[in-house]
Participant: 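Could you have a look at this structure, given as C-alpha cells, before my questions?
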Amino acid sequence: MTTSHYKNSIPVVYLLFCLFVTSASARSFIRQYTDGFNTNLQQENGVGPMPNQDKGHYLHNNEEISSRDYKVSASNVVKGLRDHPPSSYSLKMESFNTLLKSTYTEKYESRPFSVGGYNWTLVVYPNGNKKDSGSGYISLYVAIDNSTLAAAHQEIYADLRFYIFNKNERKYFTIQDTDVWKFNVFKTMWGFSQVLSIDTFKDPKNGYLYDGDHCEFGVDVTIPFLYKISELFTVTENIYNPRFTWSIRGFSTLLKDSYLSDVFSIGGRNWNIQVYPNGDATVAGKALSMFLNLDANEKFRPYEKIYVRAKLRILNQRQFNNVEKQLDVWYNGPGYTGFSGWGYSDFISLSDLKDSSKGFVVNDVLMAQVEMEAISSTKYFPN
C-alpha cells in the first residue's frame with residue numbers, strides 16, 4: 001500500500017511544481033512588460049492613456065534627444081523678424097489656450113512633411129520642454145522619421161529656422177542657429193527649448209496670441225548639399241624675375257601714336273608695355289602715356305579675373321629719381337566688362353622728357369620698366 005501511495009503521489013507533486021513555476025514566470029513577465037511604460041505614462045494626477053508600445057518608444061526617444069545634446073551658445077543663435085512665411089511647414093492653431101491649460105498634453109506633433117526625400121514633423125511644447133530646461137517657454141523642435149533614413153549609419157545635416165507669427169508686426173519672429181544640425185538614428189530631434197517666454201507669448205499686446213487664442217508656428221528645413229564645383233584663388237607675391245625693362249631707341253624719331261614692347265612672361269602670364277610717345281587722346285602733346293597690357297593671345301577661362309599689383313617706371317639714366325606709379329588693378333577675361341590694359345595717360349610730361357638735364361632720355365634712348373609685386377591665379381574644379 002505504501003508503495004502504491006508513493007507512485008500515485010508523484011504526478012500530483014509534479015503538477016503542483018509546474019503550476020508554481022508557471023505562476024512565478026507569469027508574474028515576472030508581466031512586471032517586465034509593464035515597467036517599460038512607467039516613466040512615460042505616469043502623470044502627476046495619476047491619469048494616463050492606454051499604452052501603445054511602438055508609439056511610446058518613438059516619443060520616448062524624441063524626448064531624450066533634444067538641444068541638450070548640442071551646445072547652443074548665445075552667439076550662435078540668431079533671432080529676428082521676417083516678412084516671408086515659412087517654406088517647409090506651417091502649423092496654425094485656433095485653440096492654443098486649451099493646450100496651455102491641459103495637464104496631460106505635453107506637446108503637439110504635426111503630421112509628417114517631406115523635405116529632401118525625408119519625412120519630418122514639427123513639435124511644439126506649449127508649456128516648454130521641461131526635460132530640456134524649457135519650463136516657462138515655448139519650445140520648438142523638428143524630428144526626422146527614422147524609417148526614411150536609408151541606413152542606420154546615415155547622417156543628415158539640416159539648417160533649421162523656426163517661426164512664430166506676430167500679428168501686430170505682420171511679420172514672423174524667427175530663431176535659428178548659425179550651425180547645421182546633425183540628424184541620425186540616435187539623434188532624431190533638434191530645436192530650441194527657450195524660443196519665447198510663455199508670459200510674452202500669452203500677452204495679447206505682444207501679438208503672438210491673437211483673435212482669442214489663434215497662433216501660427218512654422219519651420220524651414222533646408223538640407224545643404226556639398227558643393228560640386230569650386231575655385232581656388234591664390235595671390236603670389238614672391239615672383240621670380242619680377243622686372244622687365246624696355247629700352248626704346250630713337251625716341252625722338254617715333255612717329256606712330258603708340259608702340260608695344262616685345263611680349264614678356266612674368267608670373268605665368270604674358271604681358272607687354274604700351275607707350276604713347278606724345279600722349280593718348282586725353283593728353284596729346286602734353287605727356288607720355290604708359291600702360292601694362294595682357295598679351296592679346298593670353299588664354300582666359302570664362303569669367304576669370306587676374307589681380308595685379310605692380311609699379312610702372314620711366315627710369316632716370318643719370319641716377320636721379322625715377323618716375324614711378326603704382327598699379328593695383330584687376331584684368332578681366334571674357335564674360336566681364338573691363339580693360340586688358342591699365343596705366344596712366346599723364347605718366348610724365350613731355351617737357352621733362354625733352355629736357356636732357358633731367359636724365360630720362362639719354363642718347364635718344366628712353367627706358368620703361370614694370371616690376372610685378374603680386375599676381376593672382378585661379379584654379380577651377382572640375383577643370
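The structure presented is a predicted model; accordingly, all values stated were derived computationally and were not measured.
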Participant: State yes or no: do Leu288 and Val362 share one hydrophobic cluster built from I, L, V, M, F, W and Y residues joined by side-chain heavy-atom distances below 4.5 Å, directly or via other members?
Facilitator: no

Participant: Just wondering, do Leu312 and Leu327 contact through their side chains at under 4.5 Å, heavy atoms?
Facilitator: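 Sidechains of Leu312 and Leu327: in contact.
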
Participant: Inspect the surroundings of CG in Asn241 and state if more than 12 heavy atoms from other residues, nucleotides or ligands are less than 6.0 Å away.
Facilitator: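 Enclosed.
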
Participant: Flag yes if Val365 and Val370 sit in one hydrophobic cluster, no otherwise; membership is Ile, Leu, Val, Met, Phe, Trp, Tyr, and two members link when side-chain heavy atoms are under 4.5 Å apart.
Facilitator: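 Different clusters: Val365 never reaches Val370 through Ile, Leu, Val, Met, Phe, Trp or Tyr contacts under 4.5 Å.
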
Participant: Taking only residues at least two apart or on different chains, which pairs with a member in residues 247-257 satisfy salt bridge (charged side-chain N to carboxylate O under 4.0 Å, His left out)?
Facilitator: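 As it turns out, there is no salt bridge (charged side-chain N to carboxylate O under 4.0 Å, His left out) pair with a partner in residues 247-257 once direct neighbours are skipped.
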
Participant: Evaluate the side-chain contact (heavy atoms from CB on, under 4.5 Å) criterion for residues Ile223 and Ile156: first the C-alpha distance (whole Å), next the side-chain angles of each, then the deciding distance (0.1 Å), finally the verdict.
Facilitator: CA-CA 8 Å; Ile223 301 177; Ile156 304 300; 4.2 Å; yes

Participant: Hey, mind stepping through Thr148 and Asn119 against side-chain hydrogen bond (donor to acceptor under 3.5 Å, both in side chains) and telling me if it holds?
Facilitator: CA-CA 6 Å; Thr148 60; Asn119 289 337; 5.4 Å; no

Participant: Verify, without hydrogens or angle tests, whether Asp177 (side chain) and Leu160 (backbone) share a donor-acceptor contact under 3.5 angstrom.
Facilitator: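 No, because the side chain of Asp177 does not come within donor-acceptor range (under 3.5 Å) of the backbone of Leu160.
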
Participant: A quick test of your reading: do over 12 heavy atoms of other residues, nucleotides or ligands sit less than 6.0 Å from OH of Tyr227?
Facilitator: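 Check fails, neighbour count at 12 or below.
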
Participant: Before you tell me yes or no, could you show the steps for Tyr303 and Glu231 under side-chain hydrogen bond (donor to acceptor under 3.5 Å, both in side chains), namely the whole-Å CA-CA distance, both residues' side-chain angles and the distance that decides it to 0.1 Å?
Facilitator: CA-CA 12 Å; Tyr303 298 98; Glu231 61 186 73; over 6 Å; no

Participant: Is there a path from Tyr307 to Tyr380 through hydrophobic residues (I, L, V, M, F, W, Y) whose side chains come within less than 4.5 Å of each other?
Facilitator: no

Participant: Can you pull the salt bridge (charged side-chain N to carboxylate O under 4.0 Å, His left out) pairs that have at least one residue in residues 308-333, sequence neighbours excluded?
Facilitator: Glu237-Arg309, Arg309-Glu373, Lys311-Glu373, Arg313-Glu324, Arg313-Glu371

Participant: So if you build clusters from Ile, Leu, Val, Met, Phe, Trp, Tyr with side-chain heavy-atom gaps below 4.5 Å, do Val78 and Tyr163 land together?
Facilitator: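 No, Val78 does not connect to Tyr163 through the hydrophobic network.
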
Participant: In this structure, is the centre-to-centre distance between the rings of Trp246 and Tyr259 below 6.0 Å?
Facilitator: no

Participant: How long is the gap from OH on Tyr331 to CH2 on Trp342, to the nearest 0.5 Å?
Facilitator: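 Answer for the OH-CH2 pair, Tyr331 versus Trp342, is 8.5 Å.
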
Participant: What about the rings of Tyr141 and Tyr125, do their centers lie closer together than 6.0 Å?
Facilitator: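 Yes, the ring centres sit under 6.0 Å apart.
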
Participant: Do Asn166 side-chain atoms and Tyr172 backbone N/O form a donor-acceptor pair below 3.5 Å?
Facilitator: no

Participant: Membership question, hydrophobic clusters at under 4.5 Å side-chain separation (ILVMFWY): are Phe162 and Phe173 in the same one?
Facilitator: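 Cluster IDs for Phe173 and Phe162 match.
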
Participant: Tell me who clusters with Tyr276, hydrophobic residues only, linked when side chains sit under 4.5 Å apart either directly or through other members.
Facilitator: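 Traced through the cluster, Tyr276 reaches Phe291.
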
Participant: Tell me which donor-acceptor pairs under 3.5 Å the side chains of residues 91-101 have, and how far apart each pair is, sequence neighbours excluded?
Facilitator:
none

Participant: Tell me which pairs pass salt bridge (charged side-chain N to carboxylate O under 4.0 Å, His left out) where either residue lies in residues 213-225, with sequence neighbours left out.
Facilitator: Arg161-Asp220

Participant: Let me confirm one number: the CZ-CG distance from Phe165 to Leu209, rounded to the nearest 0.5 Å.
Facilitator: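 Phe165 CZ to Leu209 CG: 12.5 Å, rounded to 0.5 Å.
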
Participant: Is Tyr240 atom OH crowded by more than 12 heavy atoms from other residues, nucleotides or ligands, each under 6.0 Å away?
Facilitator: no

Participant: Kindly compute the distance separating OG (Ser135) from CD1 (Ile198), expressed to the nearest 0.5 Å.
Facilitator: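 Ser135 atom OG to Ile198 atom CD1 measures 8.0 Å (nearest 0.5 Å).
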
Participant: So which of Phe183, Trp181, Trp190 actually passes ring-ring contact (aromatic ring centres under 6.0 Å, His included) with Trp120?
Facilitator: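 Going through Phe183, Trp181, Trp190 one by one, the ring-ring contact (aromatic ring centres under 6.0 Å, His included) with Trp120 is satisfied by Phe183 alone.
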
Participant: Is it true that, when you exclude Ile229 itself, more than 12 heavy atoms of the residues, nucleotides or ligands shown sit nearer than 6.0 Å to its CD1?
Facilitator: no

Participant: Apply side-chain contact (heavy atoms from CB on, under 4.5 Å) to residues Phe264 and Ile273 and explain how you reach the verdict.
Facilitator: CA-CA 9 Å; Phe264 58 93; Ile273 297 174; 4.1 Å; yes

Participant: Using a 6.0 Å cut-off, check whether atom CG of Asp211 has over 12 heavy atoms from anything other than its own residue.
Facilitator: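 More than 12 within 6.0 Å, yes.
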
Participant: Measure the spacing between CD1 of Ile248 and CD1 of Ile314 and express it to the nearest 0.5 Å.
Facilitator: 6.5 Å

Participant: What's the separation between atom CG in Asn127 and atom NZ in Lys107, rounded to the nearest 0.5 Å?
Facilitator: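 Nearest 0.5 Å value for the CG-NZ distance: 14.0 Å.
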
Participant: Test of understanding: with side-chain hydrogen bond (donor to acceptor under 3.5 Å, both in side chains), list the residues that count as partners of Ser345, not counting sequence neighbours.
Facilitator: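 Testing Ser345 for side-chain hydrogen bond (donor to acceptor under 3.5 Å, both in side chains), a comparison that skips the adjacent residues, returns Asp280, Thr282.
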
Participant: Could you check if a side-chain atom of Asp179 sits within less than 4.5 angstrom of a side-chain atom of Asn76, using non-hydrogen atoms only?
Facilitator: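 No, side chains not in contact.
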
Participant: When rounded to the nearest 0.5 angstrom, what is the spacing between CG in Asp145 and OH in Tyr118?
Facilitator: 12.0 Å

